[in-house]
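Some notes on the structure that comes next.
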Amino acid sequence: RPGLALCAGCGGRIQDPFLLRVSPDLEWHVACLKCAECGQPLDETCTCFLRDGKAYCKRDYSRLFGIKCAQCRAAFSSSDLVMRARDHVYHLECFRCAACGRQLLPGDQFCLRERDLLCRADHGPPPDGAAGRGPRSP
């Protein structure tokens, strides 16, 4: 179909003998397919990610749109182990009590208050009715 396709990058007709097809309906001049953030050429040798009609290299796509740690705000790599609390995701080393700094481990009881993680010692006893039936102090 060279000569009939329109380049998603520059909008011009693709009359070149080669074109790059990124998704079923987006075609590019070889020279036009570049990362929208850093300008790296995106060809058949590297991974290309699309968002809102723009192409990105893997590094920039992860940095801009990937899930970030709720504590340090850094992106995750594919090999990172994570901890989750409600809709927040943390690096293992960032999953710490905001009051005492103790690292929270799988199985530890904790409380999430707004964005702060608190270990059991620092968040105090559970609210009335949430714990077992014991004597109440005045």
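Everything quoted here is computed from the prediction, not taken from an experiment. For the numbers below, each heavy atom of this structure counts, side chains included, while hydrogens, waters and symmetry mates do not.
Comment: R102 does not engage D122 in a salt bridge, judged by the lack of any side-chain N to carboxylate O separation of less than 4.0 angstrom. Salt bridge status for R63 with E37: present, with a side-chain N to carboxylate O gap under 4.0 Å.
In the displayed structure, R84 atom CZ is contacted under 6.0 Å by at most 12 heavy atoms of other residues, nucleotides or ligands. Within 6.0 Å of the NZ atom in K34, the count of heavy atoms belonging to other residues, nucleotides or ligands does not exceed 12.
In this structure the side chain of M83 reaches within 4.5 angstrom of the side chain of P106, judged on heavy atoms. Under the 4.5 Å side-chain criterion, counting only non-hydrogen atoms from C-beta, L6 is not in contact with I14.
Taking both residues in full, the closest heavy atoms of K54 and A36 are given as CB-CB, 4.0 Å, listed atom of the first, atom of the second, then distance. For S62 against K68, the heavy-atom pair with the smallest separation is O-NZ, 4.1 Å. Scanning both residues, C119 and L104, for their nearest heavy atoms gives CB-CD2, 3.7 Å.
Taking OH from Y56 and CG from L42, the interatomic distance works out to 11.5 Å, rounded to the nearest 0.5 Å. Taken to the nearest 0.5 Å, the CG atom of L33 stands 5.0 Å off from the SG atom of C48. Once rounded to the nearest 0.5 Å, the distance linking SG of C7 with CD of Q15 reads 12.0 Å. Taken from CG in D116 to NE2 in H88, the straight-line distance is 10.0 Å, to the nearest 0.5 Å. Between the NE2 atom in H29 and the SG atom in C10 there is a gap of 5.0 Å [rounded to 0.5 Å].
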Stepwise side chain to side chain contact (heavy atoms under 4.5 Å, CB included) test for C38 and R59: CA-CA 10 Å; C38 71; R59 185 190 69 227; 3.9 Å; yes
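In the hydrophobic cluster analysis, where Ile, Leu, Val, Met, Phe, Trp and Tyr join through side-chain heavy atoms closer than 4.5 angstrom, Y90 is grouped together with L81.
Cation-pi contact between R51 and F65: present, with separation from the ring centre below 6.0 Å and deviation from the ring axis of at most 45°.
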Do any side-chain atoms of residues 91-99 form donor-acceptor pairs under 3.5 angstrom with protein atoms, and if so which ones, sequence neighbours left out?
from: R96; atom 1: NE; to: E93; atom 2: O; distance (Å): 2.9
from: R96; atom 1: NH1; to: G101; atom 2: O; distance (Å): 2.9

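When hydrophobic residues (I, L, V, M, F, W, Y) are linked wherever their side-chain heavy atoms come within less than 4.5 Å, the members clustered with V89 are I67, F76, V82.
Under a 3.5 Å cut-off, the side chain of H123 and the backbone N or O of R113 do not form any donor-acceptor pair. Within the 3.5 Å criterion, the main-chain N or O of C57 finds no donor-acceptor partner in the side chain of D60.
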